[in-house]
Amino acid sequence: MKTDPEAFIRANTSLMPPPHVPEISLYLASEAHELWLKTEEELEAIGLPPPFWAFAWAGGQGLARYILDHPDMVRGKRVLDFASGSGLVGIAAVMAGAREVMAADIDPWAQTAIRLNAGANHVAVGFTGANLVGASVEADIVLAGDVFYDRTFADALVPWFSRLAAEGRPVLVGDPGRSYLPRDRLEFCAAYRVPVTRALEDSDVKKTTVWRFVAG
């Protein structure tokens, strides 16, 4: 079955602020929505990849909070919001004064979610569906929320982030203690206690840290 992404998102989410970033509103799924109850097989049947864009993950919330609280990190700069999901971090960067924001996510549904979320917050965010891992990027700073959840993905990200940092492109990572976080390559920036949904995490609040990737 071919499903229209915008119609599906509007029917299965509600516009609401993430708890740690109340300045921003996103189309998010809540326990009241059918999206929570669908199995992977049901999602596949309607042509929907796992809907990471429908949730405000702790790492993204922490990183967005940091950007809003430290606008000097992005003001006047070209920003890449890598593995953007809902677009939360990219939207925060625009609100903090970024000159240009490009959201990158290989999930084609994220493009629609980011467009709707950017529109809801009256900001402009670009989008690319290209797999940028290992590629050169036209950005002054790279933001990545909650990306170290998978070993294979993490192993690919570490040398790429290291190269970007060595090129003078800061890489900021928001992470709530995922298993494959390369702590030996990171410099502490800030920590937050981020309210999350127990259906997604193992607690109601996750300690989330913002790190700066160190070239090595």
Side-chain angles (χ1 to χ4, degrees), residues 20-21 52 56-107 110 114 125-194 196 201 206-216:
H20 206 61
V21 198
F52 296 119
W57 299 89
Q61 288 197 61
L63 185 52
R65 179 77 270 152
Y66 183 77
I67 292 301
L68 289 172
D69 291 347
H70 300 84
D72 54 297
M73 295 300 302
V74 299
R75 185 181 293 120
K77 296 178 181 178
R78 298 169 301 167
V79 174
L80 174 64
D81 175 18
F82 174 72
S84 183
S86 67
L88 170 59
V89 176
I91 291 167
V94 178
M95 294 173 66
R99 174 160 63 91
E100 176 184 298
V101 174
M102 180 64 67
D105 201 296
I106 60 172
D107 179 0
I114 291 166
V125 175
F127 179 83
T128 177
N131 182 355
L132 298 180
V133 178
S136 298
V137 300
E138 295 297 323
D140 302 310
I141 184 171
V142 176
L143 307 177
D146 235 323
V147 293
F148 289 107
Y149 54 83
D150 175 84
R151 182 186 296 278
T152 301
F153 194 36
D155 287 347
L157 291 180
V158 169
W160 183 47
F161 283 174
S162 180
R163 178 166 61 80
L164 292 173
E167 292 172 353
R169 306 177 198 277
V171 178
L172 298 185
V173 173
D175 188 274
R178 300 300 183 203
S179 297
Y180 305 106
L181 182 72
R183 295 179 181 275
D184 59 328
R185 307 297 297 274
L186 301 171
E187 180 181 277
F188 176 86
C189 294
Y192 305 97
R193 290 179 57 80
V194 179
V196 293
E201 304 286 5
K206 295 287 286 186
K207 179 184 176 182
T208 299
T209 304
V210 176
W211 307 91
R212 181 167 176 158
F213 208 88
V214 178

TODO: Start with the C-alpha distance between W211 and F188, add both sets of side-chain angles, then the distance that settles side-chain contact (heavy atoms from CB on, under 4.5 Å), and finish with yes or no.
DONE: CA-CA 5 Å; W211 307 91; F188 176 86; 4.0 Å; yes
Do [X] and [Y] make a side-chain contact, defined as non-hydrogen atoms from C-beta onward lying under 4.5 Å apart?
{"X": "V133", "Y": "L157", "value": "yes"}
{"X": "D69", "Y": "Y192", "value": "yes"}
{"X": "S84", "Y": "I114", "value": "yes"}

For the [atom1] atom of [X] and the [atom2] atom of [Y], what is their distance to the nearest 0.5 Å?
{"X": "I141", "Y": "R75", "atom1": "CD1", "atom2": "CZ", "result": "12.5 Å"}
{"X": "T208", "Y": "R193", "atom1": "OG1", "atom2": "CZ", "result": "10.0 Å"}
{"X": "L143", "Y": "Y66", "atom1": "CG", "atom2": "OH", "result": "10.5 Å"}
{"X": "R185", "Y": "R183", "atom1": "CZ", "atom2": "CZ", "result": "15.0 Å"}
{"X": "Y149", "Y": "L181", "atom1": "OH", "atom2": "CG", "result": "14.0 Å"}
{"X": "E138", "Y": "E100", "atom1": "CD", "atom2": "CD", "result": "9.5 Å"}

Task: More than 12 heavy atoms from other groups under 6.0 Å of CZ on R99 - done: yes
Could you pull out the closest heavy-atom pair between [X] and [Y], with the gap in Å?
{"X": "L63", "Y": "G174", "answer": "CD2-N, 4.0 Å"}
{"X": "A58", "Y": "K206", "answer": "CB-CB, 4.1 Å"}
{"X": "G126", "Y": "M102", "answer": "C-SD, 3.5 Å"}
{"X": "P71", "Y": "A96", "answer": "CB-O, 3.5 Å"}
{"X": "M73", "Y": "L172", "answer": "CE-CD1, 3.9 Å"}
{"X": "L132", "Y": "A104", "answer": "CD1-CB, 3.7 Å"}

Ignoring hydrogens and angles, tell me if any N or O in the side chain of [X] forms a donor-acceptor pair with the backbone of [Y] under 3.5 Å.
{"X": "R212", "Y": "P170", "answer": "no"}
{"X": "R163", "Y": "G134", "answer": "yes"}
{"X": "W57", "Y": "F52", "answer": "yes"}
{"X": "D105", "Y": "G85", "answer": "yes"}

Open item on the list: Tell me whether the rings of F161 and F213 are parallel (<30°), tilted (30 to 60°) or perpendicular (>60°).
Closed with: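 Rings of F161 and F213: perpendicular, over 60°.
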Open item on the list: Determine whether V125 and D81 satisfy the following criterion, side-chain contact (heavy atoms from CB on, under 4.5 Å), listing intermediate values before the conclusion.
Closed with: CA-CA 10 Å; V125 175; D81 175 18; over 6 Å; no
Task: Trace of the side-chain contact (heavy atoms from CB on, under 4.5 Å) decision for W160 with F82 - done: CA-CA 12 Å; W160 183 47; F82 174 72; 3.8 Å; yes
Task: Given V89, V101, D140, I67, the one that forms side chain to side chain contact (heavy atoms under 4.5 Å, CB included) with V79 - done: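 Output: one option passes, namely V101.
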Task: Derivation and outcome, side-chain contact (heavy atoms from CB on, under 4.5 Å), residues T209 and D175 - done: CA-CA 5 Å; T209 304; D175 188 274; 5.9 Å; no
